[in-house]
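Comments concern the structure below.
First listed ligand is number 1; within each ligand, the first listed atom is number 1. On a predicted model such as this, the values are computed, not experimentally measured, just so you know.
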Amino acid sequence: MPTTATAAEADGHHPHPAADRRTFAIISHPDAGKTTLTERLLVQGGAVREAGEVKSRKSARTAVSDWMALEQQRGISVSSTVLAFDAEGVRFNLLDTPGHADFSEDTYRTLWAADAAVMVLDAAKGLEAQTRKLFAVARRRGLPILTFVNKMDRPALEPLGLLDEVAREMDLTPVPLTWPVGDGPDFAGVIDREARELVAFERDREASDTRPAPREPLEGDGPGWPAQLLAAARDDVALLDAEHGEPDPAEPVDREAFLAGRLTPVLFGSALGGFGVAELLQAVRTLAPAPRPQPTREGGVLPVDGSFVGQVFKVQANMNPRHRDRMAFVRVASGRFERGMSVTVARSGRRQQLKHAHQAFADERETADEALPGDIVGVVGAGELQVGDTLSPDGRVELAEIPTFAPERFVVVRNRASSTYKQFRAGVTQLDEEGVVHVLRRPEHGEREPILAGVGQLQFEVASHRLATEFGAEVTLEPAPWRLARIVDGEAAGALRGQRGVEVAQDRHGRWLALFDSEHALRWAQEDHPSVTFAPLGIVAE
Ligand code: G4P
């Protein structure tokens, strides 16, 4: 493998200030093995000693800090966690996207803070719904994607068929770095295409064992591997070599195509067995890019080596009514963040001192004294910070907006007691501005029964919880049948109002939205009104 991407990343004159940073996220469908892989990566990186520690420590920490009462209640991760660890001369920032079925816009936004993504596929299932969605968002962001085919120790789909699926459905050229020999009970290991070696899977390995897996030359017999399986895998590798060329150790995949999101390096393994994890970490180190210049609102790009600039990509409100604090997660885009520094928020022009800043280190060092591009700091007590805000010394730079994502779920929210109507209104407005949910208002219901729109049920529950605890407004949420929202002009809204399967409402910017209960309803409306433009509200993750 090449040493690191750093030399290529530097612009030739100035050394890259964060050449050793790799900020990446794992995307997967629930149950594909994201949590297990995260743990094994941390074990491999030397950040935790025991597999299983991450899960248990996560809950221990929650109990101590009472930070996420809702997470405890539901036993799921409300927030995306960021874990930093140092290994082999690289600082890895691993952004953990909540992988639960009911995820939220935060899951998508997290991808805006990453420079690369690892897509985990369950070898028995291939591409699944949530992977496709997250992939669509990652692609929109232009993230290079590495693929890890997990659970090879279980009966798996044909690997060539699996790669075909990736190529066809994702329009990505998969280039295997390793190739499996057998699957399920017969899974013997992989062929490392670049090293031209057989790498043996040891079934009964301890989860904490980070010694390299045993290897022998490709020409060998494998440590007792079934000859037939090995022969078949060698044939496949010969085919791959013919198709992609034998990997060049200096550049095992066409890096330009990878960085441009046209090609995905693929590794096969078993997260549970800790197999293929070291190779994956190595691939992230050598192939994933160091932080790149970020686009600005004016259409330029911000170099990484200027004075400090950071952007808020997520705001986490404390769910505990006794601690109404909130944490803003800031990704450093340029320069050096130092604790206690004063910055200006570009949107408001207000000064803000970043006194209480934290970094989530996997090995417990929590206070961030300084951070470089690609690093994430959590700023406490940042009352007025909002998603998308740019922080800089003079407030003159503004990074490109973090897009909103097309809502797919809708509920009608009602205030239970008329005495708290004012609080209800104020709360709903604030949650809308913070990006917790989209709030839509129908002409006949006005402020009283707004519609909340989001990508996951979780967003509504967070909203309802915060309305009650922070604003003192108890609400009911009534599921609504709509599935799609399209921006239309006022005239079209008038024409569509009252039609079957359609509702119209306005967002806080005064834009008209037509809500449809199905793709059919949208198609009919498009046919009935051929001159109307139906524009999606935010990125459609499909
Ligand atoms: P997620 O975060 O993507 O939702 O997946 P998670 O890691 O929780 O894994 C889902 C299930 O798949 C877990 O089993 C986990 O042990 C199992 N798993 C993950 N990687 C592998 C693998 O490489 N091989 C095999 N055979 N299984 C794997 P569970 O029984 O649902 O949970 P648990 O009781 O083991 O935690």
Side-chain angles (χ1 to χ4, degrees), residues 24-44 48 50-60 71 74-83 94-104 106-108 110-111 117-135 138 145-157 159 162 178-190 199-210 213 266-281 362 456 458:
F24 70 109
I26 300 181
I27 61 181
S28 79
H29 192 78
D31 271 350
K34 187 176 55 62
T35 310
T36 311
L37 181 62
T38 300
E39 289 188 346
R40 294 304 192 274
L41 284 168
L42 296 179
V43 170
Q44 189 63 43
V48 295
E50 298 281 340
E53 221 178 284
V54 177
K55 264 187 194 164
S56 58
R57 276 190 346 161
K58 253 189 200 163
S59 45
E71 171 173 289
R74 300 179 48 116
I76 58 165
S77 182
V78 172
S79 64
S80 319
T81 322
V82 186
L83 291 166
L94 173 49
L95 298 161
D96 190 16
T97 52
H100 208 270
D102 49 2
F103 64 142
S104 68
D106 278 341
T107 315
Y108 291 152
T110 298
L111 293 176
V118 170
M119 174 164 77
V120 182
L121 303 181
D122 181 330
K125 301 199 171 138
L127 295 175
E128 296 177 87
Q130 199 161 302
T131 325
R132 284 174 220 263
K133 282 188 179 181
L134 289 162
F135 170 80
I145 292 177
L146 294 126
T147 301
F148 187 77
V149 181
N150 190 30
K151 304 197 189 183
M152 283 308 300
D153 59 306
R154 289 222 192 132
L157 298 171
L162 222 152
T178 62
W179 193 252
V181 179
D183 67 313
D186 296 328
F187 181 53
V190 296
V199 190
F201 170 57
E202 297 172 306
R203 209 161 280 274
D204 43 12
R205 225 171 209 260
E206 292 282 321
S208 54
D209 189 346
T210 55
V266 183
L267 295 113
F268 291 81
S270 161
L272 194 61
F275 184 76
V277 177
E279 288 77 3
L280 176 65
L281 197 60
L458 185 57

Proximal atoms of ligand 1 relative to [X] (non-hydrogen, under 4.0 Å):
X    : value
H29  : 3 (O)
K34  : 1 (P), 2 (O), 3 (O), 5 (O), 7 (O)
T36  : 6 (P), 7 (O), 9 (O), 15 (C), 19 (C)
S270 : 22 (C), 23 (O), 24 (N)

Hey, could you give me the CG/CG distance between N150 and D31, rounded to the nearest 0.5 Å? 11.0 Å

Out of curiosity, L281 CG to L146 CG, how far, rounded to the nearest 0.5 Å? 11.0 Å

Pick one: which of V149, L162, L121, D183 meets side-chain contact (heavy atoms from CB on, under 4.5 Å) with L157? L162

What part of [X], side chain from CB on, backbone N/CA/C/O, both or neither, has a heavy atom under 4.0 Å from ligand 1?
X    : value
N150 : side chain
S28  : side chain
R154 : side chain
T35  : both

Worked check of side-chain contact (heavy atoms from CB on, under 4.5 Å) between H29 and D122: CA-CA 8 Å; H29 192 78; D122 181 330; over 6 Å; no

Which residues share a salt bridge (charged side-chain N to carboxylate O under 4.0 Å, His left out) with R154, sequence neighbours left out: none

State whether the shortest distance between N or O atoms of [X] and N or O atoms of ligand 1 falls below 3.5 angstrom.
X    : answer
G273 : no
P30  : no
G33  : yes

Are the side chain of R40 and the backbone of F275 linked by a donor-acceptor contact shorter than 3.5 Å? no

Hits for ring-ring contact (aromatic ring centres under 6.0 Å, His included) against F148, two or more places apart or cross-chain, chain-then-number order -> none

Would you say F187 and V181 make side-chain contact, with heavy atoms under 4.5 Å? no

